[in-house]
Structures are given as structure tokens and as C-alpha cells.
Amino acid sequence: MTVVTRFAPSPTGFLHIGGARTALFNYLFARHHGGKYLLRIEDTDRARSTREAVDAILEGLAWLGLSGDEAPVFQHAGLARHAEVARELVAKGRAYHCYCSPEELETMRAEARAKGRTALYDGRWRDLDPSEAPAGIDPVVRLKTPLEGETVIDDLVQGRVTVQNSQIDDFILLRADGTPTYMHSVVVDDHDMGITHVIRGDDHLNNAFRQAQLFKAMDWPVPAFAHIPLIHGQDGAKLSKRHGALGVEAYREMGYLADALCNYLLRLGWGHGDDEIIPRAQAVEWFDLDGVGRSASRFDMAKLDNLNGHYLRETPDAEIADLISARLEERPDVTLDAAARQRVGRGLSGVKARAKTLVDLADGLAFYAARRPLAMNDKAQALLTDEARGLMQALASALDTVADWTEEALEAAVRELAEQREVKLGAVAQPLRAALTGSNASPGIFEVLAILGREEAQARIKDIC
RNA sequence: GACCCCUUCGUCUAGUGGCCUAGGACAACGGCCUCUCACGCCGUAAACACGGGUUCGAGUCCCGUAGGGGUCGCCA
């Protein structure tokens, strides 16, 4: 049997972090087993679905490298087929019309709750004859689920889960307006698309029992289910916008790399021994559902940062340069002319080790392309004492005598000055750093000096004298 | 409330009855390196929710308790 998985988001908002992980697991599982990974947009709720959300989700997936193997299926397009299946069920006596009004159902639920029972539909129209139907009311179609016995799901993550059929009510297949509900569309589409493995968040675990009943009612094979635990926020509560439930594009904006985010998401709820750094190809080779844990996990930005720093260092400079030039150009203090661009390019590897995100990288690199005179941060300002300025004047003269403007020669010249003045290297290096970068923290100062070039470096030194 | 699920360091996890004196990673802390900040390296602290069983032996199996989560829509 060829494995077919699907990621099926509803387009009511951006692709959030939990959805991204669900997509990743579906993708990885399909790839690992040499199967297919499909996308389906669950837009049966036309009122809440938007074109913008569809675009945001598709773009987010593309960024993460998780686009489907085929064009996405839009559930809304299957309306006629969904209705047809429901009619077939009614014809077979496995579904029926229910004429309850929403108000009537509300009353029923309130009463059930008051008695301490689950607020399930009580099946009052299950055995009534259509001739008893009230006039002028459009009925919904409900599935006739078994009254006795139990439904068992052998979940690939959660294990064997059993629920009494008395806990499963006759849920709605078709609304009064004839449109299918999510519960119904999912089953029909999963069947029609040949889905063999349904991998989704465990908030759907309870739905699986209902859906299994619907598959059985149609005499369709029930796919394998794998309900993966949800992701919680840093405080253990449900993910909210405050801590992590942002769209993936927000992470992109914050300077995270797609590879890093995927690696992080992969390790959230899944493990392979002590392995932490797992590139895509390795993940495809290793991933399987038996490695997925059963408890919810918390989203931890600090670990994401660490992973991102790692991937940043692994990514070739040329690729990174493309990623940050737009960020650099947006800065008001920067002019990205050819010379500046070249300096940024040469300085890249030196700043990489200091950055966790592309934002950090752009910040750390900006001084190479900044216009003079440089803005000084407080600590840099504090380094520029009168004494330090005197040293810088002397240094400017000393640098005039350096024939080859190379890192080695510059280091020798600076060290020599420090020795002459009988001060520690830091006493010269720190004010120099302030003058050259406007900051108290930067890559090695000789590297900075070399990359800036004689003219620019001397000008920056003289600016502060 | 009913039903379902979960519970190993602060966090992500390894662990599938003896290999566990519970391992790794992030974070924290200390140190080395050093012109700063990082990177890197070395080290420290830190967990089997609780109570009963089963067993020669339990983090691992069973029951209960507590805590957490999810679901109970003509939403998905």
C-alpha cells in the first residue's frame, strides 16, 4: 500500500506554528515511506474562509519547503459530491432528516447539562417518519450511529483508544441549507483522495470516532489515524499570540531560517535518540510515527534561537547576503553602495558567529555600511574618554605608516602602539572599536579595520578625535 | 459537568523490567580562550507528580489520587 497523507488547514487565519508542525510530520511520514503528501483547504465555512488566509498558508508552507505534491484540493469544490454521499446514506437508511430548530437543540443541551450528562443530540428524529415533518422547515441530515457497543481507534501515536458508542451522537452531515459540515466533508474527501494516514493535532481525537463511524456507514476502509499532541506556550497554557502562536511568516520576519524552524518543530514532540541537529534529508530517513511522544510540549524560543544560530553558521555566505540585504536597505543609517556592499560581504562570516537571527545579523553588520559620522551607543560613548581620544590620534598617525592594509600588519601596528604607551591592548582596541563600529561589541577589531579599508577607517577614527 | 488523552531536570527529550548512581540538548551558573561581544571547549547545579500494588527487581507493568490538556456547534 502506498502511503498518502494530507495536511488540511482551514483558511481562517495564518499558518500557525502547530499547523506547520502537523504539515511537517505529514510530509516527513509520506517521504519516509515513499508516498504522497497532499494539501487540502478546508473551506466549507464560506463565511470565515478568506483568499488572504489561503495565500498566507500556501506561502508559509512554500517557505518551509512543505508544499504539496499536487495542487491543493479546495474542499468547497466538492459540495455536490458531499451532498450526494449524504443522500446515498439516507437512501440506505443509515442517515436521516432531523427537523429540530437550533433553539430546540439549545434547550435540549441545556437540560442535559443540568442533569450532569453529556450534551449529545438525543436522536429524537432518528425513528420518526418523514410524514411527521413540520412544514416550512429545512431539515439537516444526521448520521445514524450505533446505539450500543464501542468504537476503537488504534491510533499510531496515542495507542488503542476506546469510546462507548453511547457517547457518539447522530452528528450532522448536511446543514439545513444543504451544505456539508466539516465532519462529513473530511471523510468523503479523505476517502476520495485515497488518504491512508490521517496525521493531525490531537484536538481531533474525539472526531476520529465519529469519522470512523461515517467511513463504516459508507463501507469505506477506515484510514490509519495518528493524533499528535498539541503545542503549548511557554507558560504551559494553550498557545496564544503572546507566546508563539504567530503565523510562520512572523518567524520569517523575525529572522528565523526555514530549516531551523523545521528542525525545531521536528524535535518538538519527536525524538531520535540524542540527536538534535537533523537536516531535512536526515529527517526523512529517520522520521516515523513511533518516535512521536504522547504529551503536549511547550514552545521554547531560546532553543529555537540556538538552533537558528547553528543553521545561520551553516548557511553559505552568499545565500545569507541575499537574505539580509533587504533588511539592511531598510535602515535609515545605512547606504548600501557598492563599496558598502562589499564590506558587508567580507564582514559576514565574522558577524555570523555572534548572531541568532537574520535581524541580529543585519544589526551586527550595519556598521560596515553606515554613513559617517557614526551614531554611538552609550557604552561606546563612554569608552571615548579624553585619554582615549588622544590614543586614537596617535593611532591614526601610526596607521598612516602601515604599508599593507592587511589584518596582520594592522594588528602589529596597534599592538606596537599599546606597547609604546605602556597600556593594555584593550585600552586601544576598545576606543578603536567604538570609533569604527559605534558599539562596544563587534567582530575582531583588526578584521574590522582591514575590511573597512584605509580611507574609511581613518575617516572614522578622525571623526571622534 | 460528561467523555477522551497526558504526567522523566526550568524547557525539549533518551529510556520499551535488571545496562539508571536516570543520559543528551537548550536555558542557568562557573571556568578556559580573548581586544569587546559572541563562537568553541571544559565543568556545576537540576527530574522519574503522589500513593498503593505486581515482581527477586519498576522511571519502565496494573490500580487509585492529584495536576494538566482536549472535546462536547447546522466552526474547523
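A note on names: the letters A, B, ... follow the listed sequences, proteins ahead of strands, and every chain is numbered from 1.
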Between protein and nucleotides 24-29 of chain B, map the contacts as a letter string: B base, S sugar-phosphate only, - none, heavy atoms under 4.0 Å, written 5' to 3'.
BBSS--
At a heavy-atom distance below 4.0 Å, what parts of residues 160-167 of chain A sit against RNA chain B?
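Close to the strand are V161(A), T162(A), V163(A), Q167(A).
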Of the residues in residues 357-370 of chain A, which ones touch RNA chain B at a heavy-atom distance under 4.0 Å?
none
Classify [X] by what it touches in the nucleic acid, base, sugar-phosphate, or nothing, heavy-atom distance under 4.0 Å.
X       : result
L268(A) : sugar-phosphate
P9(A)   : nothing
H272(A) : nothing
N207(A) : base
C100(A) : base
F171(A) : nothing
T44(A)  : sugar-phosphate
G159(A) : nothing

Does [N] pair with anything, Watson-Crick or G-U wobble, both distances under 3.5 Å, and if so, with which nucleotide?
N      : value
A28(B) : U44(B)
C3(B)  : G70(B)
U21(B) : none

Nucleotide nearest [X] when distance is taken to its side chain, options [options]:
X       : options                : answer
D203(A) : C6(B), A76(B), G70(B)  : G70(B)
R354(A) : C39(B), U36(B), A76(B) : U36(B)
L205(A) : C5(B), C74(B), C35(B)  : C5(B)
R313(A) : C12(B), C39(B), U36(B) : C39(B)

If you compare every side-chain N and O of [X] against the phosphate oxygens of [N] (OP1, OP2), does one of them come in below 4.0 Å?
X       : N      : value
S297(A) : U13(B) : yes
R294(A) : C6(B)  : yes
R200(A) : A76(B) : no

Going by the rule ring-ring contact (aromatic ring centres under 6.0 Å, His included), which residues pair with H97(A) if we only count those two or more places apart in sequence or in a different chain?
none
Taking only residues two or more places apart in sequence, or in another chain, which ones meet F7(A) in a ring-ring contact (aromatic ring centres under 6.0 Å, His included)?
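Checked F7(A) against ring-ring contact (aromatic ring centres under 6.0 Å, His included); zero matches.
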Contacts of type side-chain contact (heavy atoms from CB on, under 4.5 Å), residue L289(A), not counting sequence neighbours:
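In terms of side-chain contact (heavy atoms from CB on, under 4.5 Å), with neighbours along the sequence ignored, L289(A) is linked to F29(A), L156(A), V157(A), I199(A), A226(A), F287(A), V292(A).
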If we ignore hydrogens and angles and just use 3.5 Å, is the side chain of R21(A) paired with the main-chain N or O of I17(A) as donor and acceptor?
no
To the nearest Å, give me how far apart [atom1] ([X]) and [atom2] ([N]) are.
X       : N      : atom1 : atom2 : answer
L265(A) : U13(B) : CG    : P     : 12 Å
L312(A) : A38(B) : CG    : C1'   : 13 Å
E103(A) : C74(B) : CD    : C1'   : 11 Å
L383(A) : C37(B) : CG    : P     : 11 Å
N206(A) : C6(B)  : CG    : P     : 13 Å

Would you mind reporting whether I278(A) and R267(A) have side-chain heavy atoms less than 4.5 Å apart?
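R267(A) reaches I278(A) side chain to side chain.
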So if I apply the ring-ring contact (aromatic ring centres under 6.0 Å, His included) rule between Y264(A) and each of Y256(A), Y251(A), F299(A), Y311(A), which one comes out positive?
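Option passing the ring-ring contact (aromatic ring centres under 6.0 Å, His included) with Y264(A): F299(A).
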